[in-house]
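For reference, the structure is listed below as structure tokens.
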Amino acid sequence: MIRLKIWISALILFQQINLTKDLTVTEDYQQYDKGSQTVAEIFESPCITLSMNCTISSHTICYVCRSHIDGSSMTIAAEDRDMIFVTKNVMIREGSRCCRKHLEDHRLMPASINIIKPHKIEIISLKAGDVQMLINKSQILYNQKKRLDFDDCNAISDDEYYNLTSLNKGQFDSLIKEIAAFPIRNTAVRSIRTAVVCLLCKLRLGLSNTILALLFESPDKRAVSRAIGTARKAIMKDFVPYHLGISHITRRQIIDNHTTTIARELMGGGNDTLVLVIDGTYIYIQKDVVVVDRGFRDCLGVMYSLGLDVAMPPFLDGQKQFSTAQANRSRCITK
Ligand SMILES: [Zn+2]
């Protein structure tokens, strides 16, 4: 009987403890619930003051170069303000103005970003909502950041462009403008600019597609291969024919723009004579025979069709060594 009483008492005590525990959790939740605020309450919440690096904020003085603005002044894009705050810890106040020359397509040029420096430390009061917004923007910028982002005009410096593609940023942009008409699809993993960078990077550095996929955060080497193929087609269609080969320039253009007076006088030609100088480093013309190196292999057909007798060292074409006749002919040509 006593045992039964103890057992019942213990059971009641245990239930009480459990009830207290439940109550505590509920109270905690209510406490937590009371602590969460609506958006309106956040904006009404007290401000905090922070010391921040700020640029000049004026309608007449440029916040980039700090000189007096001649001509029309420009405001800064919100994306650039956020980016400069996050990456350089410099705040540009809303409404600050800069010279027109620092912008391209309404965005700050990389050279301009490099010279932006804080002018003074200001005490700025921020509401909870402002702080929350800054944190959110930082997160967005952090998540968007690619290793090499050629679609963000500020992400890659001029030197980086040159080291990867052999072109500086201006030259690369003009190449992209010329092939913009070609229907290359911008996809989530590959843009027109990235496709062309992949191709130029491969030509310059000879990297494997696997390494290129790693570098440009492409899904795999096949995606890189497709991107390179598309970029090559676009360049061959809309760029190469206008800048390379005999048909990219007219006879008149050569006479007017590329024939010097000295050459014209020395060769005894009139104003309508085209003087053509063929570089003697690689072409040797002895009587009627044109001796060329193997670099001319793709031009052989054209040269034969022009009636030229062409001599070029032969290729092995899968053989282990040349025949005696081939070797002797090769020696005659390379002498
Ligand atoms: Zn300026």
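Residues take their numbers from the sequence shown, with the count starting at 1. Ligands are counted one by one from 1 in listed order, and the atoms in each one are counted from 1 as well.
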Open item on the list: Taking D173 first and then K169, would you say they form a salt bridge - that is, a charged N and a carboxylate O separated by under 4.0 Å?
Closed with: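 Yes.
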- [ ] Determine, for E122 against K120, whether the closest basic-nitrogen to carboxylate-oxygen distance falls under 4.0 angstrom.
- [x]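 Answer for the salt bridge query: yes.
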Min side-chain heavy-atom separation [X]-[Y] under 4.5 Å:
X: V240; Y: I235; value: yes
X: K202; Y: I228; value: yes
X: M74; Y: I69; value: no

Task: the Zn ion (ligand 1): protein N, O or S atoms [distance under 2.8 Å] - done: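 Those protein N, O or S atoms (cut-off: under 2.8 Å from the Zn ion (ligand 1)) are C62 SG, C65 SG, C99 SG, H102 NE2.
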TODO: May I ask you to check if R93 and Y63 form a cation-pi contact, with NZ or CZ under 6.0 angstrom from the six-membered ring centre and within 45° of the axis?
DONE: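 No cation-pi geometry.
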